[in-house]
Chemist: 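Here it is, the structure in full.
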Amino acid sequence: MQHELHTDSNLSISDFTKDHGQDLLIHVPEEFSFTENYSHLSTATNESLYTLRNGMIYKAIAVGQEATIVEISDYDEHHMLIRFVEEDQSISPTLRTGVAQYVYDWFDLGTDLAPFYKMAAQDPLLQQAVVSFYGLRNMGIPDLYEAICWGILGQQINLGFAYTLKRRFVEHFGQALIYNGESYWLFPTAETIATLTVDELAAAGMTTVKKCEYLIDTAQLIVNGTLSKEELLQATDVKQAEKLLVKIRGIGPWTAHYVLMRCLRMPSAFPIDDVGLHNSIKHVLKMDAKPTKAHILELSAGWSLWESYATFYLWRFLY
C-alpha cells in the first residue's frame, strides 16, 4: 500500500522506547530536530490542546478510558523524554504504552525522511525548505475524529479564526485535566458529539449550521462503526481512501487529503487546492500571482510518494 512505503509498521513499542525511572525515553531517527518541531508547534495561535513552556511540551493524552498529562522534552540526540507529570498517579501499562505510541505517531517518528531529503535537495521548490527546516516532522493528528473536525472547522476561514473555533469546541465539549491549577484539554470524543443537536453545537459558538451538521454526522459514523481509521488504512491507495472520505457530507477533496496527510500518514496525500500551499509556492518562487493548478502539477512532478511532506515543508514558510 502506498502509505506504508516510508514507515516501519512492524515495530513494537519496545523497539522505540525504554524505561527511564518512572518516565520513558523514546528513540528519534537521525533526521529529527526537537527544536524544529517545537518551533513549528509554537506558531499555532490560540492552541488549546498543548502548552509550550521553557522548551517543553505539555499535553493531555487519553488512552481508552484512562488519561494523563505528559511533559515532552529533548533528552539527547537520539531520544526525547516523556515525563508523567503527576508522580503520584498510578500509570497502568496500557496507558504507558498508549502514551508512547501516541507521541511516536504525533511526531511521525516511523517515517524515514532520508529519501525525501535526497529528492528535495535536487528540487528547486524544496531545496530551501529542507535546509531551513531540517529535522521537521509532519506533526500529525493521530485521532481520526479530531483530524476530520479540524479539517471541517478550517473550511473557508482563515487559520486564526479556525483556532478560535477549535478552542470553543474543545472547551465546551472536551475534558480538562487539571495540574498545578492549569487545564490541559482532551479533544471531544465522537461519542460525546454524536449525541448533541445542531442547536447545542451552535450555542457553543460554531458559526454555521452546516458545519454543526457535519461534525455531528461524522461523529455518528465513527460511533456506529461505518467510518474508522482501520478501514481507511485498508485502502489500496490514496485515491481509494479519498473516495471513501468524500462520500461523507462535509468532506470534499481538500478535507479528505488533509485527513489522509495528517492522520493516516499517506505520503501521496496532496491538498493541491490549499490556499496556504499556493501562497507558499508564490513566496518561494517570488511570483507576482499565485500559481495555477497546472503549474503546481508541473512543479510537483518529481515529488511522487512525497507530496504530503513536500506540502508540509512548504507550509512551514508561512506557518
Chemist: For T226 and N224, test the side chains for any donor-to-acceptor distance below 3.5 angstrom and give the result as yes or no.
Modeler: yes

Chemist: Given the side-chain rings of H40 and F312, with only the six-membered ring counted for Trp, is the space between their centroids under 6.0 Å?
Modeler: yes

Chemist: Rounded to the nearest 0.5 Å, what separation is found between the CD1 atom of I272 and the NE2 atom of H257?
Modeler: 9.0 Å

Chemist: In terms of hydrophobic clusters joined by side-chain contacts under 4.5 Å, are I178 and V170 together?
Modeler: no

Chemist: Between T51, I72, N37, which is the residue that forms a side chain to side chain contact (heavy atoms under 4.5 Å, CB included) with I57?
Modeler: I72

Chemist: Are Y75 and F34, when compared by the centres of their aromatic rings, separated by less than 6.0 Å?
Modeler: no

Chemist: Under 6.0 Å between the ring centres of Y134 and Y117?
Modeler: yes

Chemist: So, S280 side chain and L314 main chain: donor-acceptor pair closer than 3.5 Å or not?
Modeler: yes

Chemist: Between T94 and E66, is any side-chain donor less than 3.5 angstrom from a side-chain acceptor?
Modeler: no

Chemist: Quick one: pull up CD in E307 and CG in L277 and give me the separation to the nearest 0.5 Å.
Modeler: 11.5 Å

Chemist: Applying the side chain to side chain contact (heavy atoms under 4.5 Å, CB included) criterion to I82, which one of I61, T17, V99, D23 satisfies it?
Modeler: V99

Chemist: Just verifying a value: how many Å separate R83 CZ and Y58 OH, rounded to the nearest 0.5 Å?
Modeler: 6.0 Å

Chemist: Output the distance between atom CD (Q220) and atom CG (L227), rounded to the nearest 0.5 Å.
Modeler: 12.5 Å

Chemist: Could you check, using the six-membered ring where one of them is a Trp, whether H27 and Y104 have ring centers closer than 6.0 angstrom?
Modeler: no

Chemist: Between D105 and K229, does any side-chain N to carboxylate O distance fall below 4.0 Å?
Modeler: yes

Chemist: Only one of L221, L201, T197 passes side chain to side chain contact (heavy atoms under 4.5 Å, CB included) with I216; say which it is.
Modeler: L201

Chemist: Cation over ring, R316 on F133, under 6.0 Å and within 45°?
Modeler: yes

Chemist: Between the side chain of Q155 and the main-chain N/O of W254, is any donor-acceptor distance below 3.5 Å?
Modeler: no

Chemist: Answer yes when K166 and E146 have at least one side-chain N-carboxylate O distance shorter than 4.0 Å, and no when they do not.
Modeler: no

Chemist: Is a side-chain N or O of Q175 found less than 3.5 angstrom from the main chain of L186, in a donor-acceptor match?
Modeler: no

Chemist: Run the side-chain donor-acceptor check on residues 282-301: report pairs under 3.5 Å with partners two or more places apart or on a different chain.
Modeler:
unit_1 : atom_1 : unit_2 : atom_2 : d
T292   : OG1    : H295   : N      : 3.1
S300   : OG     : I296   : O      : 2.9
S300   : OG     : L297   : O      : 3.4

Chemist: Say you draw a straight line from CZ of R167 to CD of E47; how long is it, rounded to the nearest 0.5 Å?
Modeler: 7.5 Å

Chemist: Are F187 and F173 an aromatic pair by the rule of ring centers under 6.0 Å?
Modeler: no

Chemist: When you measure from the side chain of R262 to the backbone N and O of M139, does any donor-acceptor pair fall under 3.5 Å?
Modeler: yes

Chemist: Can you classify the ring geometry of Y313 versus Y309 as parallel (below 30°), tilted (30 to 60°) or perpendicular (above 60°)?
Modeler: tilted

Chemist: Looking at Y50 versus W185, is the centre-to-centre ring distance below 6.0 Å?
Modeler: no

Chemist: Measure across Q240 and D237 and return the closest heavy-atom pair with its distance rounded to 0.1 Å.
Modeler: N-OD1, 2.9 Å

Chemist: Apply the test ring-ring contact (aromatic ring centres under 6.0 Å, His included) to residues F116 and W303: give CA-CA distance (whole Å), side-chain angles for both, the deciding distance (0.1 Å), then the verdict.
Modeler: CA-CA 9 Å; F116 171 64; W303 299 354; 8.8 Å; no

